[in-house]
Amino acid sequence: MSISTADIKVGETRESIVVGDLKRTRIVQYAGASGDFNPLHTDERFATEVAGYPGVFAHGMLTMGMTGRVLTNWVGTEALLTFGVRFKAQVWPGDTLTATATVESIEDTPAGPVARFAVRTVTQDGTEVVTGTATARLEP
């Protein structure tokens, strides 16, 4: 999949529900896949009684990975050059996440045209959990 400069415009936005009703099972599966078994994400008793949270919550990198789907569904994995985020709030089991990517600019570079995106993910109640940026290579 490739996207050309004719297929994308500054200001254009794509939005996607990247997870609906996040299950604890998915959080534990991510722990296994990533090797990150921090008990804040997998052990309810530790999260509540020791750390003082209302319960376990998703790994930031799981949230980032799910957020990235709005980009890869739009421009493809092979075109994505950079992707970085800032974690703003915890993501809890039961949350539904909606990710939005907006084209901020399209620039000519020595390697060809590049689109710059702003990325944002919110929960079902509008809580911002991730903000970030990304770049993708475009076909001329």
Side-chain angles (χ1 to χ4, degrees):
M1 169 186 201
S2 64
I3 190 165
S4 76
T5 54
D7 298 327
I8 194 168
K9 298 178 184 82
V10 173
E12 189 173 357
T13 297
R14 294 284 169 96
E15 183 176 281
S16 178
I17 295 174
V18 292
V19 67
D21 187 18
L22 178 65
K23 301 294 186 199
R24 288 184 58 163
T25 302
R26 189 164 187 182
I27 296 170
V28 172
Q29 288 171 329
Y30 180 81
S34 68
D36 181 352
F37 292 99
N38 184 319
L40 290 172
H41 307 298
T42 58
D43 185 333
E44 186 76 20
R45 189 169 181 195
F46 178 87
T48 58
E49 295 176 17
V50 176
Y53 287 99
V56 297
F57 53 92
H59 302 73
M61 295 303 286
L62 173 58
T63 304
M64 181 182 182
M66 291 185 296
T67 296
R69 286 186 25 223
V70 73
L71 294 162
T72 58
N73 288 348
W74 191 358
V75 301
T77 56
E78 66 282 351
L80 197 60
L81 297 171
T82 64
F83 177 42
V85 301
R86 178 171 184 224
F87 304 111
K88 308 277 288 201
Q90 274 93 7
V91 172
W92 305 99
D95 278 346
T96 292
L97 301 180
T98 302
T100 305
T102 303
V103 180
E104 291 194 313
S105 66
I106 298 173
E107 303 169 5
D108 286 322
T109 73
V114 171
R116 297 194 181 279
F117 299 88
V119 180
R120 179 175 186 256
T121 299
V122 298
T123 64
Q124 66 283 352
D125 64 4
T127 301
E128 190 173 68
V129 294
V130 165
T131 59
T133 60
T135 59
R137 180 179 34 256
L138 304 175
E139 296 296 322

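- To the nearest 0.5 angstrom, Thr109 atom OG1 is 9.5 Å from Leu138 atom CG.
- Smallest separation of non-hydrogen atoms from Ala115 and Ile8: CB-CD1, 4.4 Å.
- Among Asp95, Thr121, Val122, Val85, the one residue that satisfies the side-chain contact (heavy atoms from CB on, under 4.5 Å) test with Val129 is Thr121.
- Judged purely by distance below 3.5 Å, without hydrogens or angles, the side chains of Glu107 and Ser105 pair a donor atom with an acceptor atom.
- In this structure, the separation between CZ on Arg14 and CZ on Arg69 is 15.0 Å, given to the nearest 0.5 Å.
- Each of Val19, Val130, Ile17 was checked for a side-chain contact (heavy atoms from CB on, under 4.5 Å) with Leu97, and the lone residue meeting it is Val19.
- Rounding to the nearest 0.5 angstrom, the gap separating the CZ atom in Phe57 from the CG atom in Leu62 is 12.0 Å.
- The two atoms that bring Ala101 and Leu71 nearest to each other are CB-CD2, 3.8 Å, heavy atoms only.
- Both Leu80 and Val119 are part of a single hydrophobic cluster, where members link through side-chain heavy atoms under 4.5 Å apart.
- In this structure, Thr123 and Trp92 have side chains that are not in contact, with every pair of non-hydrogen atoms separated by 4.5 Å or more.
- Minimum heavy-atom separation, Arg137 to Leu81: NH1-CD2, 3.1 Å.
- Ile3 and Val10 fall within the same hydrophobic cluster, where Ile, Leu, Val, Met, Phe, Trp and Tyr residues are linked whenever their side-chain heavy atoms come under 4.5 Å apart, directly or through other members.
- Expressed to the nearest 0.5 Å, how far CZ of Phe117 lies from CD1 of Ile106 amounts to 8.0 Å.
- Using a 4.5 Å heavy-atom cutoff, the side chains of Pro93 and Leu22 are not in contact.
- Defined by atom type and a distance below 3.5 Å, a donor-acceptor pair is missing between the side-chain atoms of Thr72 and Thr77.
- Judged by distance alone, the side chain of Asp7 and the main-chain N or O of Ser4 form a donor-acceptor pair under 3.5 Å.
- In this structure, the side chain of Thr96 engages the main chain of Asp21 through a donor-acceptor pair within 3.5 Å.
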side-chain contact (heavy atoms from CB on, under 4.5 Å), that's the test. Do Phe87 and His59 meet it? Break it down for me. CA-CA 10 Å; Phe87 304 111; His59 302 73; over 6 Å; no
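- What you find for Phe83 and Thr67 is that their closest heavy atoms are CZ-CG2, 4.2 Å.
- Residue Asp36 holds its CG atom at 5.0 Å from NE2 of His41, rounded to the nearest 0.5 Å.
- Annotation for Ala79 and Val75: closest pair CB-O, 3.4 Å, computed over non-hydrogen atoms.
- In this structure, Thr131 and Lys88 approach most closely via the heavy-atom pair OG1-CD, 3.9 Å.
- Between Glu15 and Val70 there is no side-chain heavy-atom pair separated by less than 4.5 Å.
- Counting only distance, with no hydrogens or angles, the side chain of Thr82 and the backbone of Thr135 share a donor-acceptor pair below 3.5 Å.
- Between the side chain of Glu12 and the main chain of Val103, no donor-acceptor pair closer than 3.5 Å is present.
- Cluster membership for Met61 and Met66, using ILVMFWY side-chain heavy atoms within less than 4.5 angstrom, is shared.
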